[in-house]
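Take a look at the structure below.
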Amino acid sequence: MTRSYVLVLLAVFALFFLQLYAREEAYSTPASIVLVILILGATLFQLRRKPNR
């Protein structure tokens, strides 16, 4: 597993638990946006680095 995959996996778990337990907190929306951008960025980086053939 590369670092990008591990980063995406941890960000998905963090986003899941953030949405599950911190729905009404003030920091949950900005943190969710940052995690989604992190997931998309790491996924696109991995796809650009190693395209499917």
Within the 3.5 Å criterion, strictly below it, is a donor on Gln19 or Ser28 matched to an acceptor on the partner's side chain?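 There is no such pair between these side chains.
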As an exercise, state the distance from CG of Leu40 to CG of Leu35, rounded to the nearest 0.5 Å. 11.0 Å
Between OG on residue Ser32 and OH on residue Tyr27, distance to nearest 0.5 Å: 10.0 Å
ILVMFWY cluster, [X] and [Y] together (side-chain gap under 4.5 Å):
X: Leu20; Y: Phe13; result: yes
X: Leu9; Y: Phe16; result: yes
X: Val36; Y: Val8; result: yes

Sequence neighbours left out, what passes side-chain hydrogen bond (donor to acceptor under 3.5 Å, both in side chains) with Thr43? Give chain and number order. none
Would you name the heavy atoms of Leu38 and Ala11 that are closest together and state the gap between them?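 That would be CD2-CB, 3.9 Å.
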